[in-house]
Asker: 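Could you have a look at this structure, given as structure tokens, before my questions?
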Amino acid sequence: MTSAFRPGPEQFGLTLLLGGRFAGTQEWTLHPERRALVARVQTDFGGVLPELRRVQHSRMHPRLLTSQHYTEGDGRGGRASFETTFDHRSGLVTLRQGRDEASKPLTTEHHDPVSLLVWLRGLEGTERATVQMAGGHVLVQRLADTAVGETPARAYLLRPGGAYVFVETAPPHRLLRLVQPTDFGPLEALADPPRKPSPDRRRRRAG
């Protein structure tokens, strides 16, 4: 299943809330790179949660938005704590966690946690879909259209896991709200207001 969404260079942020209280921030950066779309997601937990940083990198097919390579770590420059490679040349999926490594046949396209959210931004007119992740299948169920604040949104439920994803109905189909069950309770991520050009940039463009 191909997404009609074609993201270009983009940067946006979300604010994390737990029980309505500040729980951290999340910064997304997307850019094309050598026949791929590359996303970096940095999550800084804090506030009512212990301070912790998680950095995710996803390299995606530029048209299908499926995963080619995914890593997750603390962003300190060392080796990632978790890594998944989808190698079509060798026909293998390779998973590495810590010192443990395992491979299995690559028989279909896969998503990672970041590429799945990017792909959902372009999933219009689909009521149900099943996607393959490294750990198993995820069922995507379209819910009734809603609004986040005053912005119309498409809503999805992901199972297993019970996460909710709310995507702006109109282009550029922003990720407006994410709700992820955790041991502490539902962790909510709300989109920050769109960033406006700085006064210096506006002056340079005017000149």
Side-chain angles (χ1 to χ4, degrees), residues 3 5 7-18 23-34 36-47 49-62 64-87 93-102 106 109-123 131-138 140 156 158 160-167 173-184 186-192:
S3 172
F5 177 62
E10 189 177 9
Q11 186 173 358
F12 60 90
L14 299 99
T15 297
L16 307 183
L17 301 172
L18 185 65
T25 60
Q26 189 173 84
E27 293 291 331
W28 285 66
T29 304
L30 292 90
H31 67 274
E33 180 183 293
R34 280 185 273 176
L37 177 69
V38 178
R40 181 183 188 273
V41 183
Q42 177 174 309
T43 306
D44 290 298
F45 298 100
L49 292 177
E51 292 189 4
L52 181 69
R53 172 169 289 178
R54 181 179 65 175
V55 177
Q56 300 162 276
H57 284 94
S58 174
R59 184 178 180 87
M60 293 166 264
H61 188 285
L64 301 176
L65 301 180
T66 49
S67 184
Q68 297 174 342
H69 186 245
Y70 173 77
T71 63
E72 187 174 315
D74 59 13
R76 295 180 179 175
R79 193 176 184 187
S81 59
F82 179 82
E83 182 177 12
T84 310
T85 302
F86 306 97
D87 190 340
V93 180
T94 302
L95 296 89
R96 186 187 60 78
Q97 189 164 9
R99 296 183 178 179
D100 298 326
E101 184 174 305
L106 175 62
E109 299 289 348
H110 284 61
H111 278 288
D112 61 56
V114 172
S115 74
L116 176 59
L117 292 176
V118 176
W119 178 76
L120 279 175
R121 294 173 65 180
L123 189 65
V131 299
Q132 180 68 49
M133 308 279 283
H137 290 88
V138 172
V140 178
Y156 299 97
L158 309 183
Y164 291 88
V165 181
F166 299 83
V167 177
H173 305 303
R174 293 176 298 148
L175 292 173
L176 296 175
R177 181 173 178 246
L178 311 173
V179 182
Q180 176 69 52
T182 72
D183 293 339
F184 302 98
L187 181 64
E188 184 177 16
L190 289 175
D192 297 335

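The chain is numbered in sequence order, starting from 1. The model shown is predicted, which means the values in this text are computed figures rather than measured ones.
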Asker: Between OG1 of T84 and NE2 of H111, what distance do you get to the nearest 0.5 Å?
Answerer: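 If I round to the nearest 0.5 Å, the distance is 14.0 Å.
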Asker: P113 versus M133: any side-chain heavy-atom pair under 4.5 Å?
Answerer: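 Yes; the side chains approach each other to less than 4.5 Å.
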Asker: Mind checking the CG-CD spacing from L17 to E188? Nearest 0.5 Å is all I need.
Answerer: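 One gets 5.5 Å once the value is rounded to the nearest 0.5 Å.
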Asker: Could you state the interatomic distance from NE2 (H69) to CD (E83), rounded to the nearest 0.5 Å?
Answerer: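 So the gap between those two atoms works out to 3.5 Å.
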Asker: Salt bridge between D44 and R53, side-chain N to carboxylate O under 4.0 Å?
Answerer: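 Between R53 and D44 there is a salt bridge, with a charged N closer than 4.0 Å to a carboxylate O.
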Asker: Give the minimum heavy-atom separation between E72 and R54, together with the two atoms involved.
Answerer: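 Closest approach of E72 to R54, heavy atoms only: OE2-CD, 3.4 Å.
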Asker: What closest approach, in Å, do P62 and A36 show between heavy atoms, and which atom pair accounts for it?
Answerer: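 In this case the closest contact between P62 and A36 is CD-CA, 4.0 Å.
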Asker: Return yes if some donor-acceptor pair links the side-chain N/O of R121 with the main-chain N/O of L123 below 3.5 Å, else return no.
Answerer: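 Side chain of R121 to backbone of L123, a donor-acceptor pair under 3.5 Å: no, none is there.
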Asker: Tell me the closest heavy-atom pair linking V55 and Q42, and the distance in Å.
Answerer: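 Distance-wise, the nearest heavy atoms are CG2-CG, 4.0 Å.
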Asker: Roughly how far, to the nearest 0.5 Å, is the CE atom of M60 from the CG atom of L37?
Answerer: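 These two atoms lie 4.0 Å from each other.
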Asker: Measuring only between side-chain heavy atoms, which start at C-beta, is Y70 closer than 4.5 Å to Q56?
Answerer: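 Side-chain contact under 4.5 Å: yes.
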Asker: Out of L49, L178, V179, which one pairs with L187 under the side chain to side chain contact (heavy atoms under 4.5 Å, CB included) rule?
Answerer: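 Single side chain to side chain contact (heavy atoms under 4.5 Å, CB included) partner of L187 among L49, L178, V179: L49.
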Asker: Would T15 and D192 satisfy side-chain hydrogen bond (donor to acceptor under 3.5 Å, both in side chains), going step by step from the backbone distance to the final call?
Answerer: CA-CA 7 Å; T15 297; D192 297 335; 2.7 Å; yes
Asker: Measure across L95 and A134 and return the closest heavy-atom pair with its distance rounded to 0.1 Å.
Answerer: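 Looking at all heavy atoms of both residues, the shortest contact is CD2-CB, 3.8 Å.
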Asker: Decide yes or no for D87 and T94: does some side-chain heavy atom of the first lie under 4.5 Å from some side-chain heavy atom of the second?
Answerer: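 Contact flag for D87/T94 side chains = no.
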Asker: Can you tell which of D112, T71, V41 makes a side chain to side chain contact (heavy atoms under 4.5 Å, CB included) with H57?
Answerer: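 Single pass found, and it is T71.
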Asker: Would you say OH of Y164 has more than 12 non-hydrogen atoms from neighbouring residues, nucleotides or ligands within 6.0 angstrom?
Answerer: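 Not buried by this count: 12 neighbours or fewer within 6.0 Å.
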Asker: Going from CG on L116 to OG1 on T66, what distance comes out if it is rounded to the nearest 0.5 angstrom?
Answerer: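 If I round to the nearest 0.5 Å, the distance is 11.5 Å.
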Asker: Working to the nearest 0.5 angstrom, can you tell me the gap between L18 CG and Q180 CD?
Answerer: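 Nearest 0.5 Å value for the CG-CD distance: 12.0 Å.
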Asker: Evaluate whether atom CD of E33 has more than 12 neighbouring non-hydrogen atoms of other residues, nucleotides or ligands under 6.0 angstrom away.
Answerer: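 Yes - once you tally the heavy atoms of other residues, nucleotides and ligands closer than 6.0 Å, there are more than 12.
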Asker: Taking ring-ring contact (aromatic ring centres under 6.0 Å, His included) as the definition, give me every residue that meets it alongside F166, ordered by chain and number, with sequence neighbours left out.
Answerer: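 Residues passing ring-ring contact (aromatic ring centres under 6.0 Å, His included) with F166: none at all.
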Asker: I'd like to check L158 versus L120 (side-chain heavy atoms, cut-off strictly below 4.5 Å). Are they in contact?
Answerer: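 SC-SC contact between L158 and L120 confirmed.
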Asker: Check ring-ring contact (aromatic ring centres under 6.0 Å, His included) between H110 and all other residues, then give those that pass, not counting sequence neighbours.
Answerer: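 Once residues adjacent in sequence are excluded, the partners of H110 under the ring-ring contact (aromatic ring centres under 6.0 Å, His included) criterion are F86.
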